[in-house]
S.K.: 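My structure is below; once you've seen it, I'll send some questions.
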Amino acid sequence: MRLFSTTAALLRRFDRWATPALLVVGAAVLVGETMRPLRRRTRPRAERWSRNVGLAAPSLVGMRLALLPAMVGLTQLAARRRWGMHRLALPGPVRLLAELLVLDYVAYSWHRLLHAPFLWRFHRIHHIDLDMDLSTGWRFHAGEMLASIPYRGGVPALVGVRPVTLLLYEAVFEACTAFHHANLRLPFGLERQLARFMVTPRVHGIHHSVVQRETQSNFGVVLSLWDRLHRTLRLNVPQQHVTIGVPAYADADEQTIRQLLKLPLAPRRSWASLDGSVPKREPQPLPVDELAE
Ligand SMILES: [Zn+2]
């Protein structure tokens with residue numbers, strides 16, 4: 001068995017069921033955010049969508065032809081060598097739950113690493129989008145996909161996650177990424193219930209705020225549990241007070257596909273706006289773990 005195969009049977013099966021399922025989720029999110037927008041747009045949709053799709057294309061190719069095969073190959077290697085959980089005789093449901101929790105914690109911790117100086121070079125391309133909607137959920141630099149291979153493939157392999165669970169989680173990860181980036185106004189009561197355990201559009205909107213302290217919050221992908229445990233949860237910022245983006249990159253003319261593809265090589269900028277001002281927010285009346293409307 002080869003370590004790296006883009007046509008492994010598991011991946012072909014993933015293509016057959018996950019791709020149509022994710023297209024349905026994407027279409028539902030698109031209809032929802034068009035009919036019930038959460039935040040007011042600051043830029044024309046066509047301008048951002050053409051750029052975001054232009055960035056998503058190489059990134060999705062990188063995911064399908066490099067990240068997924070590498071993650072599957074590494075977890076298959078771990079199964080043959082009986083690493084980690086492969087040595088434990090756990091009951092099936094317990095094993096599955098443990099694997100899914102490990103994978104979601106890997107996603108959370110990888111996202112925190114993306115905000116550290118070196119990986120921010122790539123991840124800032126995602127964050128400097130001037131509005132946030134479904135298309136932001138695909139707007140990643142292909143380099144970020146490739147850079148994630150050792151961590152997102154290596155840690156699950158060492159822990160002994162099975163390849164089939166890894167692909168199942170990957171589909172959930174992609175569906176949740178589409179959902180929480182959506183500019184979708186859910187009924188507030190419903191979203192407040194959902195936000196108790198998972199990442200929702202209002203929760204992730206705070207992570208894309210121009211206020212740096214808010215960007216350093218809400219790193220979760222599926223569950224909000226990890227943000228609660230690590231005290232990085234921040235729910236109390238009203239969505240109409242959230243401005244999306246990074247102050248140092250507020251100029252839309254700097255965000256062509258070509259400039260964004262080259263951005264990892266450019267020097268990092270401080271957080272401040274080009275006029276030197278730094279967005280701040282007064283303390284909020286609600287406790288930090290209570291969702292604001
Ligand atoms: Zn981020």
Side-chain angles (χ1 to χ4, degrees), residues 38-39 48 51-52 55-56 59-60 62-63 67 103-149 151-152 155 170 172-184 195 198-235 237 239 242-250 255 260 263-264 266 268-272 278-279 281 288:
L38 174 61
R39 292 169 296 267
R48 291 181 42 262
R51 293 170 176 183
N52 291 358
L55 280 159
S59 161
L60 290 173
M63 181 174 89
L67 174 62
L103 289 165
D104 201 45
Y105 187 68
V106 166
Y108 165 86
S109 49
W110 171 245
H111 190 186
R112 285 196 70 171
L113 289 171
L114 287 170
H115 282 253
F118 176 70
L119 290 168
W120 179 249
R121 286 178 170 274
F122 295 99
H123 192 54
R124 63 183 161 174
I125 285 115
H126 174 67
H127 269 275
I128 66 178
D129 199 354
L130 294 165
D131 290 312
M132 190 173 93
D133 60 19
L134 173 66
S135 72
T136 315
W138 302 325
R139 175 186 158 128
F140 294 97
H141 196 282
E144 183 181 320
M145 287 292 157
L146 301 181
S148 71
I149 289 174
Y151 194 81
R152 292 197 60 217
V155 176
E170 195 59 27
V172 175
F173 173 102
E174 290 300 331
C176 286
T177 299
F179 170 65
H180 65 228
H181 284 96
N183 186 25
L184 169 63
M198 72 180 288
V199 183
T200 66
R202 283 181 173 88
V203 175
H204 200 70
I206 295 168
H207 178 70
H208 278 256
S209 159
V210 291
V211 178
Q212 190 169 19
R213 197 177 64 165
E214 293 167 5
T215 307
Q216 298 298 334
S217 313
N218 305 351
F219 294 96
V221 174
V222 179
L223 299 177
S224 54
L225 171 68
W226 318 117
D227 281 301
R228 286 180 199 279
L229 288 176
H230 288 283
R231 298 180 181 276
T232 51
L233 190 72
R234 187 179 302 278
L235 303 183
V237 183
Q239 215 56 208
V242 171
T243 303
I244 300 290
V246 174
Y249 300 90
Q255 297 204 22
L260 291 169
L263 196 57
R268 282 183 295 117
R269 293 181 186 169
S270 72
W271 192 262
V278 179
R281 186 160 344 265
V288 75

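Just the heavy atoms: all of them, side chains too, but no hydrogens, waters or symmetry mates, feed the values below. Just follow the structure's listing: the first ligand is 1, and inside any ligand the first atom is 1.
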S.K.: Under 2.8 Å from the Zn ion (ligand 1), how many protein N/O/S atoms do you get? Just the number, please.
M.R.: 5
S.K.: Report the distance from atom CG of D131 to atom OG1 of T136, rounding to the nearest 0.5 Å.
M.R.: 7.5 Å
S.K.: Could you pull out all residues at least two apart from F219 that satisfy ring-ring contact (aromatic ring centres under 6.0 Å, His included)?
M.R.: H111, H115, H207
S.K.: Could you measure the distance from the CD atom of E144 to the CG atom of L55? Nearest 0.5 Å is fine.
M.R.: 11.0 Å
S.K.: Does this structure show an ion pair linking D129 with R48, if we count only N-O contacts that are shorter than 4.0 Å?
M.R.: yes
S.K.: Would you please name every residue forming a ring-ring contact (aromatic ring centres under 6.0 Å, His included) with H208, sequence neighbours left out?
M.R.: H126, H127, H181, H204
S.K.: Quick one: ring-ring contact (aromatic ring centres under 6.0 Å, His included) partners of Y249, sequence neighbours excluded?
M.R.: none
